[in-house]
Structures are given as structure tokens and as C-alpha cells.
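One structure is given below, encoded as C-alpha cells.
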Amino acid sequence: MQTTQYQQARLTRDPRFDGHFFVGVTSTGIYCRPICPAPLPKEQNVRYFDSAVAAAESGFRPCLRCRPDSAPASWAWKGTDTTVERALRLIDEGALMQGSVTGLADRLGISSRYLTRLFQARMGTSPKRYALYQQLLFAKSLLQQTRLPVAEVAFAAGFGSIRRFNECFRDRLQMTPGALRRQGADTMVRGELTLFLSYRPPYNWSHLRDFLRPRLIPGLEWITDQGYGRSLQLADGTRGYFTATHDEARHGFRVAISLNRPAVMLPLVRNLRRLLDLDADSARIDDHLRPLLAPLGGPVPGLRLPGTLSLFEAGVRAILGQQVSVQAAHKLVGQLVNAYGETAPGPHGAMRLFPTPDVLAETDLAELRLPGRRKQTLIDLARLFRDEPEAATEPERWRSLAGIGPWTVQYARMRGGGDSDIWLGGDLGVKRALQQHDIVFDPETAAPWRSYLTLNLWSLT
DNA sequence: CGGAATTAATG
DNA sequence: CATTCTCCTGGG
């Protein structure tokens with residue numbers, strides 16, 4: 001029975017289980033992360049939940065010490081239901097903040113009735129209630145970790161009216177935004193928007209950093225021993241940058257975000273979590289890959305998938321990486337950014353933004369030393385993103401463009417979509433690694449974590 | 001806080 | 001599919 005495992009994990013406050021389940025304490029009506037530093041409640045007063053929403057639906061409110069809103073996301077439901085998984089992803093990207101539940105169901109190709117049924121069965125709540133609760137938890141962390149005015153917190157979390165924000169907050173978290181803000185105001189740093197984003201150890205930061213380093217575009221991105229940062233532009237045109245600094249002792253990253261105007265920030269923060277692959281369950285993935293990689297000395301522990309900021313950028317990097325080395329691709333990306341990326345103020349003087357689809361759709365890419373056919377592919381992709389942004393979010397649709405094959409699609413899914421199950425069997429680096437180490441295996445057995453298998457093989461060359 | 005208009009959940 | 005229930009916002 002799973003409960004025994006959960007018992008064990010909570011009694012030892014095992015950080016590897018953080019986010020996998022939550023502990024509701026019936027005597028207080030509060031739910032905690034398994035790592036909560038508070039005195040351990042008696043087993044008879046404990047109820048286990050596999051998500052924060054589920055605990056909330058049973059009437060528990062989040063703990064103010066361990067802050068369940070800061071737990072890494074868990075994918076306990078992964079593999080059990082791909083439709084729910086896709087729905088959750090779209091909601092997390094903000095699909096219900098502007099769009100409707102009906103619209104979401106349409107995108108998934110199911111009826112809204114079926115969608116709510118699935119949600120009730122898998123998540124113990126409805127789509128709208130799930131989305132709203134994520135917004136509230138995000139608002140809670142902004143109130144506790146920043147000095148953003150309450151009205152701006154509401155906006156950043158995706159609420160259109162403060163009235164409604166207050167009402168929901170009271171109803172679901174059983175406290176008012178103002179009261180929560182007053183609690184920990186002294187620990188906050190003024191004038192900076194800094195959030196702490198945590199992961200479940202192990203996390204191999206040096207590997208991620210060393211993957212990004214040879215691909216780094218100066219001006220667009222910056223790397224230090226302990227951190228990574230870059231410029232960004234949101235869908236609504238808001239510009240800014242972030243710098244993430246690794247804090248190994250606290251199992252997370254301190255992320256400073258700077259934007260040129262107030263904006264809805266929840267999808268952005270979700271995206272940063274994907275970029276740094278904070279929600280991966282490394283302990284489990286490594287265990288799963290161990291038999292396959294045993295001849296090579298086992299998997300590199302805590303390996304994380306280095307993401308790109310956007311799917312479009314992943315697609316562009318993939319096209320520029322076709323048939324050439326990492327160094328050659330890197331040079332091309334640099335030229336592209338310098339020729340077509342706008343300049344904006346950054347943390348260390350001026351910085352570059354990654355070129356937008358709108359700009360690239362109208363250029364001839366004369367500045368790039370690239371075969372004409374590949375230039376056209378790049379322009380076609382930019383036009384797809386400009387003209388049919390919704391269709392473009394599904395890389396499989398890119399296949400209709402000339403010059404886009406399976407490798408490009410798979411690479412983009414892996415780095416721009418955070419897809420954990422991509423096997424790049426046709427990739428040069430992967431082929432070379434397999435040859436050099438003279439191994440044959442069936443990548444199927446690595447499912448649903450074939451991306452990490454690919455990454456492990458890349459790390460060999 | 002109240003209530004109108006709209007949208008979501010449910011049998 | 002139709003009914004009931006919740007969400008959402010402007011204005012007092």
C-alpha cells in the first residue's frame with residue numbers, strides 16, 4: 001500500500017518525496033509538504049492527498065511554514081491518462097485565464113462534459129477550480145516572498161478584479177491577502193521581485209550549466225558558476241529578463257525577475273520551471289534508466305532537461321542545428337539574434353531579445369550564411385507561428401513545412417516543450433555515443449523518460 | 001455587500 | 001441537452 005511509503009517519507013521528511021503527496025492534519029485543518037519542519041502530527045490525525053488541490057477540496061488550508069505552494073509539481077498521474085496530462089499542461093500555460101473550458105475541450109478534441117468528468121475522476125475537482133487554485137497558490141507565494149502591492153499580485157496571478165481575488169482567496173485559503181502579507185513582511189527585499197523555486201534533489205546543476213554554456217548567446221543569455229539568466233518577452237509584448245541562482249543547500253533557485261510593466265506572471269514562472277526542469281523526478285528517472293545504462297556506468301545522477309524559453313526558439317535552434325555541429329549551429333543562432341533581435345535594457349547594460357516570429361516572417365535572412373532552402377524553412381516556421389499561433393504549439397503540425405523532418409520536431413519538443421519521452425535515435429551525437437561505446441539496446445524500455453536517455457548519451461561525447 | 005449577466009458543472 | 005450552480009465584474 002502506498003500509504004506506508006508516504007508514512008515513511010513524512011516521518012523522515014524525505015525531500016525526494018516533496019510534491020508527490022501532501023499531508024492533511026485533521027486536528028488543525030492544515031495541509032503540509034512531507035518536508036514540513038513543524039512537529040510531526042500523530043498518524044491518527046493524518047490524511048494523505050496526492051495533490052494540493054485535493055487537500056483543499058477536503059477543506060484543508062495550506063501551511064504557512066512549509067508553503068505547499070512552493071513544492072515542486074508532481075506527475076503522479078503521468079501515463080495514466082494522456083488527455084488529463086495535456087489538459088493540465090494547457091491550463092498551466094494559462095489556457096483558462098483567457099479562454100473557456102469549452103475552448104480547452106475543443107483543443108483536446110473531447111466534449112467539455114467528458115473533460116470535467118476526467119478531471120473529477122483524476123484530480124478530484126473541476127478544470128476551472130483546479131486553474132483557480134493554482135492562481136491562488138501563486139498569489140500566495142507572491143504575497144509571502146515579494147513586496148508587490150496586493151492589487152498587482154492579483155493581476156500577476158491572472159485575476160481581473162481585486163474583488164474576486166479577495167473573495168476566492170478567503171474562501172479557499174481561509175485567510176485574507178492582506179493578513180498574509182503582514183505576516184512576513186520583514187524578510188522581504190524591496191525593489192526586487194525574487195521568487196524561490198524549489199526542486200526535488202538530486203539536481204545536477206553543473207551538467208545543465210555545462211550544456212547551456214557552449215550554446216550561450218552573449219547579450220541574450222548569461223551564465224555564471226551558480227546561475228543562468230536571459231532576456232524574455234511575453235505574449236502580450238511585456239519585456240524583461242530573469243536571473244536564476246542555484247542554491248544547492250535549499251534545493252532550489254532564487255529567481256530574480258524584472259519586467260518593464262506589470263504582467264500576468266504565472267505562465268512565465270511555470271515556463272521557467274520547465275526551462276530549468278525543476279519538476280522532474282530525478283530519483284525515479286535515474287532508477288528507471290539504471291539497468292539500460294549499466295554498461296556505461298549508470299545514468300548521470302540528477303540529470304535535467306535543459307529547456308529553451310519558448311517553443312519557437314527551440315524550433316529555430318533545431319532548424320539551425322540541422323546537419324551541422326553544435327559549434328556551427330551556435331554561430332548561426334548568434335548571427336540571427338544579432339541581426340534580427342531587438343535591443344532592450346538588461347541587468348548588465350543593453351541586452352538582446354530573441355527575434356520574434358513577426359520579424360522573422362518578414363525577412364529574407366540575407367545576413368545568414370545558410371542554404372536557401374533552410375532559410376525558407378525558418379521563414380515558413382515564423383509565418384506559422386505568426387498566422388496560426390495555436391496550431392504552431394503542436395510541433396507535429398510543423399511537418400507540413402518543407403525542410404522539417406522528425407529530428408527537428410523531436411528536438412523542439414524535447415527542448416521547447418519539456419517532453420520527457422523523446423528518443424533522438426537519429427541524432428548524430430546519439431549515434432556516435434552508441435557506436436563509440438559499442439552498445440545496443442531497446443530505447444523503448446526507457447519510456448516514459450526517453451529524453452533523459454538521450455541526454456545521458458549526449459553527455460558521453 | 002448585492003445582484004445581473006455569463007459560463008461551468010452535472011444528471 | 002437542459003437545469004442548476006459557479007464565476008466574474010462593475011458599481012454602490
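In what follows, chains are A, B, ... by sequence order, proteins preceding strands, each numbered from 1. Atom set for the values below is all heavy atoms of this structure, side chains included, hydrogens, waters and symmetry mates excluded.
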Between CD1 of A:I91 and C1' of B:dA8 the distance, given in whole Å, is 13 Å
Rounded to whole Å, CZ of A:R164 lies from P of B:dT6 at a distance of 17 Å
From CG of A:D171 across to C1' of C:dC5 the rounded distance in Å is 14 Å
A:Y133 atom OH is separated from C:dT6 atom C1', nearest whole Å, by 18 Å
- Does the ring centre of A:Y31 sit less than 6.0 Å away from the ring centre of A:F60? no
Smallest heavy-atom separation, A:L11 atom then A:L40 atom, equals O-CD1, 3.7 Å
Taking N or O atoms only and anything under 3.5 Å, show me the protein contacts with nucleotides 9-11 of chain B, one pair per line.
unit_1, atom_1, unit_2, atom_2, d
B:dA9, OP1, A:S126, OG, 2.7
B:dA9, OP1, A:K128, N, 3.3
B:dG11, N7, A:R113, NH2, 3.0
B:dG11, O6, A:R113, NE, 3.0

Mate of C:dA2 across any strand shown (Watson-Crick or G-U wobble, both atom pairs under 3.5 Å) is B:dT10
Margin query: For A:R172, is there an ion pair with A:E57 - N to carboxylate O distance below 4.0 angstrom?
Written below: yes
Atom CD of A:E167 and atom P of C:dT6 are separated, to the nearest Å, by 12 Å
Handout entry: A:Q233 side chain vs A:R239 backbone, donor-acceptor pair below 3.5 Å
Key = no
Name the orientation class of the two ring planes belonging to A:H246 and A:Y203 (parallel below 30°, tilted from 30 to 60°, perpendicular beyond 60°). tilted
Separation of C:dG10 atom P from A:F159 atom CZ, nearest Å, is 15 Å
In whole angstroms, the gap separating P of B:dA8 from CD of A:Q98 amounts to 13 Å
- [ ] Hey, can you tell me if A:Y6 and A:Y48 have their rings parallel, tilted or perpendicular (30° and 60° cut-offs)?
- [x] tilted
Atom CG of A:L96 and atom P of C:dT6 are separated, to the nearest Å, by 18 Å
When every non-hydrogen atom of A:R274 is compared with those of A:S310, the smallest separation belongs to NH2-N, 4.3 Å
### Message
Looking at the base of C:dG12, is there any donor atom on it, or on the side chain of A:R163, that sits under 3.5 Å from an acceptor on the other one?
### Response
no
Taking a pair to mean Watson-Crick or G-U wobble geometry with both distances below 3.5 Å, B:dG3 pairs with none
